[in-house]
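Worksheet: the structure to be examined is printed underneath.
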Amino acid sequence: MGKIKMLNPLVEMDGDEMTRVIWKMIKDTLLAPYIDLKTEYYDLGLEHRNETDDKVTFDSAEAAKKYGVAVKCATITPNKERMCEYNLKQMWKSPNITIRAALDGTVFRTPIIVKGIEPFIPTWKKPICIARHAYGDIYKNTEMTVGDGCKAELCVTDREGNETRGLIHSFSGGGIIQGIHNTDSSISSFARSCFNYALGTKQDLWFAAKDTISKTYDHHFKDIFSDIYEKEYKESFKEAGIEYFYTLIDDAVARVIRSEGGYIWACKNYDGDVMSDMVATAFGSLGLMASVLVSPDGVYEYEAAHGTVQRHYYKHLKGEKTSTNSMATIFAWSGALRKRGELDNIPELCGFADKLERAAIKTIEDGVMTGDLTALSSLENKKTADTETFLFEINNRLKRE
């Protein structure tokens, strides 16, 4: 059989450390033998970001807008230690934050369900997809420490120079303050991305915040969601047989724990950051979490939900064997290939993505898995495979598919 042809490229965003090593292994072992792979390549490795003053990250985001589908490897967000290690010009921002802001996107994270890796919550039978707003809140904050006797105020100046002030706190001792914001346009994009994704996957959509306490900030989110739903999506949801509702986030947590799964849970930025890790861990592992950034105008960027696996990378550099879980990165590629196939009407490409995912899941269910999953698996006849062997085992099953 000839290789599957692609009409348009994926935007390929390479990354850092062990995930960069795995990235190449996946392409060489699982993709290149079967697909005439077309990508527009961007190296988002920290060294190249530093060389280009991070221009490469902005260029990759613009390319994603142009081609509609991107796939991204995990990348380093540098701290002071990394700045010294890589001799950086400055502490560059997270590429994820830059790309999310450029695409005005929402992050959807869904656990990969595998037999033998049982959720810690026994009632969970179906995936729970976390939809995380990807702009504002504490990730765009302004904060400072304040001294004894200080008075902190919130001040807004309108276009004519008029000020509106509100007292935050009068300090009798030292303390801290923080200012956060969001925008109507970003919240509206978040809402539309969630509604569109729910319709596309035919899943109920929950949105949760804390408007009883945050009567302006969180209530504004609630009002925008409700207004857009009533005016633009209510009839479509009814026709699709799915439901949208708002609930307080503490009530949502109680509902989630008692549920069987199978829905989308939309959260503000920080809430989604925390809850996606909670859901991933409760389902088994961050290494079994698919993630996609979706813009309101239909741009898709697929990525792994975990980091660059630094500890394994240092072992790899010493020539030692590692047993690194590549499932989330494989599903990033399969998700991007499937979406490219859908947009370009290439059913063979969609079919390949399905087969790749089945082969990867069957490998684990046959008892062959990486070390992190061996510790979690309830299968009796299981064995730990090193990084390369795990991918070769998947390829053996992919050939049969």
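The first residue in the sequence is number 1, and the count goes up from there. Any value given below was found using the heavy atoms of this structure, including those in side chains, with hydrogens, waters and symmetry copies removed.
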[X]: salt bridge (Lys or Arg N to Asp or Glu O under 4.0 Å) partners, not counting sequence neighbours:
X    : result
D273 : R132
K72  : none
K93  : none

The test is side chain to side chain contact (heavy atoms under 4.5 Å, CB included); show your working for M91 and K80 and say whether it passes. CA-CA 7 Å; M91 218 177 295; K80 289 182 179 179; 3.7 Å; yes
Minimum heavy-atom separation for [X] to [Y], with atom names?
X    : Y    : result
S285 : N325 : OG-ND2, 4.4 Å
A332 : A304 : CB-N, 4.1 Å
L46  : I76  : CD2-CG2, 3.9 Å
V292 : Y197 : CG1-OH, 3.9 Å
L391 : T29  : O-CG2, 4.0 Å
A64  : A70  : CB-CB, 4.0 Å

Y246 and F225: ring pair (Phe, Tyr, Trp, His ring centres under 6.0 Å), yes or no, with the steps? CA-CA 9 Å; Y246 171 84; F225 262 75; 8.6 Å; no
Is the backbone N or O of [Y] less than 3.5 Å from a side-chain atom of [X], with the two atoms forming a donor-acceptor pair by type?
X    : Y    : answer
H48  : D43  : yes
K3   : A32  : yes
K89  : N50  : yes
N196 : R192 : yes
T387 : T324 : yes
D211 : S214 : no
S226 : K222 : no
D158 : E160 : yes
D386 : E388 : yes
D204 : E243 : yes

Measuring from [X]:[atom1] to [Y]:[atom2], what's the distance to the nearest 0.5 Å?
X    : Y    : atom1 : atom2 : answer
T57  : I99  : OG1   : CD1   : 6.0 Å
L349 : K5   : CG    : NZ    : 12.5 Å
L373 : L379 : CG    : CG    : 10.5 Å

Kindly assign one of parallel, tilted or perpendicular to the pair [X] and [Y], based on the angle between their ring planes and the thresholds 30° and 60°.
X    : Y    : result
F190 : F207 : perpendicular
Y229 : F195 : tilted
Y313 : H316 : parallel
F171 : H169 : perpendicular

Does the salt bridge (charged side-chain N to carboxylate O under 4.0 Å, His left out) test come out yes or no for D16 and R49, once each step is laid out? CA-CA 11 Å; D16 288 298; R49 279 185 273 147; 3.0 Å; yes
For T183, the side chain to side chain contact (heavy atoms under 4.5 Å, CB included) test, sequence neighbours excluded, returns Y135, H181, S185, S186
For A208, all residues meeting side chain to side chain contact (heavy atoms under 4.5 Å, CB included), sequence neighbours excluded: T247, I249, A252, W265
For L205 and F245, run side chain to side chain contact (heavy atoms under 4.5 Å, CB included): C-alpha distance rounded to whole Å, both residues' side-chain angles, the deciding distance at 0.1 Å, then the answer. CA-CA 7 Å; L205 173 65; F245 68 87; over 6 Å; no
For atom [atom1] of [X], is the number of surrounding heavy atoms from other residues, nucleotides or ligands below 6.0 Å larger than 12?
X    : atom1 : answer
R311 : CZ    : no
E163 : CD    : yes
K382 : NZ    : yes
F58  : CZ    : no

Working for salt bridge (charged side-chain N to carboxylate O under 4.0 Å, His left out), residues K238 and E235: CA-CA 5 Å; K238 186 177 179 180; E235 289 304 314; 5.2 Å; no
Just do the salt bridge (charged side-chain N to carboxylate O under 4.0 Å, His left out) check on K339 and E342 with the steps written out, would you? CA-CA 5 Å; K339 180 56 64 176; E342 290 173 0; 2.9 Å; yes
Using only heavy-atom distances, determine whether the side chains of H133 and D271 contain a donor-acceptor pair under 3.5 Å. no
Side chains of T374 and T384: is there a donor and an acceptor less than 3.5 Å apart? yes
Is [X] salt-bridged to [Y], going by a charged N under 4.0 Å from an acidic O?
X    : Y    : answer
D250 : K210 : yes
E401 : R397 : no
K65  : E62  : yes

Any side-chain heavy-atom pair of [X] and [Y] under 4.5 Å:
X    : Y    : result
M6   : D344 : no
V11  : K66  : no
R100 : L293 : yes
N96  : E303 : yes
K355 : L398 : yes
R82  : T77  : no
M327 : I361 : yes

Should Y34 and E348 be marked as a side chain to side chain contact (heavy atoms under 4.5 Å, CB included) after you check the CA-CA gap, both sets of side-chain angles, and the distance that decides it? CA-CA 11 Å; Y34 308 101; E348 297 84 0; over 6 Å; no
Test salt bridge (charged side-chain N to carboxylate O under 4.0 Å, His left out) on R20 and E47; report intermediate values, then the result. CA-CA 13 Å; R20 186 184 183 97; E47 291 171 326; over 6 Å; no
When the side chains of residues 102-119 are checked against the rest of the protein, which donor-acceptor pairs come out under 3.5 Å, sequence neighbours left out?
residue: D104; atom: OD2; partner: S189; partner atom: OG; Å: 2.5
residue: R109; atom: NE; partner: S291; partner atom: OG; Å: 3.2
residue: E118; atom: OE2; partner: G116; partner atom: N; Å: 3.4

Is it the case that K268 places NZ or CZ above or below the six-membered ring of F221, under 6.0 angstrom from the centre and within 45 degrees of the axis?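 The answer is yes, since K268 meets both limits relative to F221.
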